[in-house]
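Worksheet: the structure to be examined is printed underneath.
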Amino acid sequence: MVEISFGKNARDSFVKILVATKDEALNYGITGGIIDRSAFNKLKSYVAREDEIAGKAQELLAFDNLKELIILCRVGLDVSAVDLQVLAGKIYPKIKKYTSASVFARHLPKTTFSALDIANNMGLGFELSSYSFDKYHTDIKKEDMPKLETVNFVAKEQIAKKDYEKTAALANAVRYARDLTNEPSNELTPAIYAADIKRLENLGLKVTLINKTELKKKGFNMLLSVSQGSVNDPYVAILEYNGNKKKKSVDVALVGKGVTFDSGGISIKPSNGMWDMKQDMAGSAVVVSSLKAAAQQKLSLNIVGIVGLVENMPSGTATRPGDIVTSLSGKTVEILNTDAEGRLVLGDCITYVEREYKPERIIDIATLTGAIVVALGDEMAGLFSNDDVLSELLSIAGEQSGEELWRFPLTDGYRKKIKSDIADVKNISEGRSAGSITAACFLEAFLKNKTPWAHLDIAGMDMFSKPKSLYGKGASGFGVLLLNKFLRNLETK
Ligand code: BES
Ligand code: MN
Ligand code: ZN
């Protein structure tokens, strides 16, 4: 794990990373006394051969003269925050074998980026790209481990550790989401998970756990129908963050799918690849981590998180295809496919949080459908909403955070497809067409007061099979950066 620090001086670092606009990086290096004359001359002849860069951020050159490793980064005028994060992610593999590195950052003339902005974005990039999940390895050799411990940002204007606090909290939250999602299902049962969430009370969050007996009493029958085949009892965890004491109402409710393992139940999945379904709780990990980040960042918002933690297993007590249950909302549901379980878990949670907290808006996040992977692959998550304003705010946060969303339609034609012959709704539509949209229509049916609501289908984004920008192989924590941006935009509105 990389520690980010700040200082005015760090000339003794072997790795020197210079960041500035265009060729300025080089002048900055010499006038700032960061590189010596001979390095300057060598770099200069190299830079002269380079074409002007169109924009963006670019690592121009890694120059190793045994005394030092100089990495020169030229940044274009239309650079974005995400470009700077990704830039750090690209540099990381080149410097991870050294114990420390210094980044010489300065305000980028003609852009809005200050040295502090560069530190915040590149710091986040280093922290996220250096993540690894290796707690279950007992055989990694020390020499094969990354050695990078600190990245020190050196700037003329004094940067204080507290100027980086919110970014540190965010990086921490993303790592927490990845850790939870990477855990195998035997090590993260609903009970273990619930106990882990309870520990967040240390941060000033209020955490309420609802156990199986209470869930029965309250009538979470759809959620219970998913867990009833498993020996691991279900939990619902509610996290309350009250950051705006002057305000009574809840700004946002976040709802997460926490299926700790999805075998498909009686409608069992094929064995090949079933192991990926340990990550079917990724949405809940994003919700829990977002609450954690909000508390650490002391956002002036009131946020409620609710996650349904269940294991979906086949057994003699499991739900049968064709069973009908009465949901918490009172609507009856014909369960035709026990593998369409996420919507059953979320539906009751949505009804509950809307009824009990009357939030101004509800956002659910879930690895809900394989169909969204067919539609969007590993580039974007699906967005479904009954509200254009909320939808727009989320799309903007998506662009700003680099965790992008693509909106799908919700219309009566699709809503009709989940009407059941013998109950109010059924949990799948016929055939495979528009599977992600009909899943969203199912969720929408469990809102009773037409609260502005959005559903984010992150199947396909929750984990990557190979490293990708700020994400390594495995769990991504996708959604934490997005929701944090959304919340911080909402805070200043
Ligand atoms: N958890 C899966 C969706 C999923 C698929 C997540 C691939 C990540 C990667 C969900 O519970 C599921 O099984 N959905 C079914 C729905 C179908 C039975 C209507 C699917 O998509 O096949
Ligand atoms: Mn399923
Ligand atoms: Zn699932």
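This chain uses plain numbering: 1 for the first residue, then up along the sequence. What's counted below: heavy atoms across the whole structure, side chains too, no hydrogens, waters or symmetry copies. Just follow the structure's listing: the first ligand is 1, and inside any ligand the first atom is 1.
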Practice prompt. State, without any angle test, whether D134 and S132 hold a side-chain donor-acceptor pair at a distance under 3.5 Å.
Written response: yes
Salt bridge or not for [X] and [Y], using N-O below 4.0 Å?
X: D348; Y: R343; result: no
X: K450; Y: E354; result: no
X: E403; Y: K485; result: no
X: K147; Y: E143; result: no
X: D339; Y: K269; result: yes
X: E240; Y: K206; result: yes
X: K278; Y: E187; result: no

Worksheet item: Hey, is K269 touching ligand 1 through its side chain, its backbone, both or neither, going by heavy atoms under 4.0 Å?
Response: side chain
What is the nearest protein non-hydrogen atom to [atom], stated with its residue, atom name and distance?
atom: atom 19 (C) of ligand 1; result: I428 CG2, 3.5 Å
atom: atom 2 (C) of ligand 1; result: D262 OD2, 3.6 Å
atom: atom 16 (C) of ligand 1; result: R343 NH2, 3.8 Å
atom: atom 10 (C) of ligand 1; result: L368 O, 3.3 Å
atom: atom 6 (C) of ligand 1; result: A459 CB, 3.6 Å

Sub-4.0 Å heavy-atom contact, [X] with ligand 1:
X: K257; answer: yes
X: M461; answer: no
X: M277; answer: yes

Practice prompt. Could you tell me whether F408 and F384 have their ring centroids closer than 6.0 angstrom?
Written response: yes
Item to complete: Mark yes or no: K218 above the aromatic ring of F220, with NZ or CZ under 6.0 Å from the six-membered ring centre and no more than 45 degrees from the axis.
Response: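 Not flagged: K218 not positioned over aromatic ring of F220.
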Discussion item. Please find the pair of heavy atoms, one from L394 and one from A454, that lie closest to each other, and give the distance.
Written reply: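 Minimum heavy-atom separation between L394 and A454: CD1-CB, 3.4 Å.
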Worksheet item: Which atom pair, heavy atoms only, marks the closest approach of A282 to D462?
Response: CB-CB, 3.5 Å
Worksheet item: Out of D457, I372, D339, whose heavy atom sits nearest atom 15 (C) of ligand 1?
Response: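 Residue with the shortest heavy-atom distance to the ligand atom: D339.
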Discussion item. Any N/O/S atom from K257 (main chain or side chain) under 2.8 Å of the Zn ion (ligand 3)?
Written reply: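 Yes, K257 qualifies, because one of its backbone or side-chain N, O or S atoms lies under 2.8 Å.
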Item to complete: Taking the Zn ion (ligand 3) as the vertex, measure the angle between atom OD2 in D280 and atom OD2 in D262; round to 10°.
Response: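 That angle works out to 90° after rounding to 10°.
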Practice prompt. For E341, take its heavy atoms, then give the atoms of ligand 1 lying under 4.0 Å from any of them.
Written response: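 Listed by number with element, the hits are 11 (O).
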So, is [X] polar-close to ligand 1, with some N/O to N/O distance under 3.5 Å?
X: D280; value: yes
X: G370; value: yes
X: N337; value: no

Worksheet item: Which protein atoms of type N, O or S are found under 2.8 Å from the Mn ion (ligand 2)?
Response: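 Listed by chain and number, the atoms are D262 OD2, D339 O, D339 OD1, E341 OE1.
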Practice prompt. With Y131 as reference, evaluate L470, V2, N182 under the side-chain contact (heavy atoms from CB on, under 4.5 Å) test and give the passing residue.
Written response: N182
Discussion item. Which atom name would you report as the N, O or S atom of E341 nearest the Zn ion (ligand 3)?
Written reply: OE2
Discussion item. Counting only heavy atoms not in N272 (residues, nucleotides, ligands), do more than 12 fall under 6.0 Å from its CG?
Written reply: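 Check fails, neighbour count at 12 or below.
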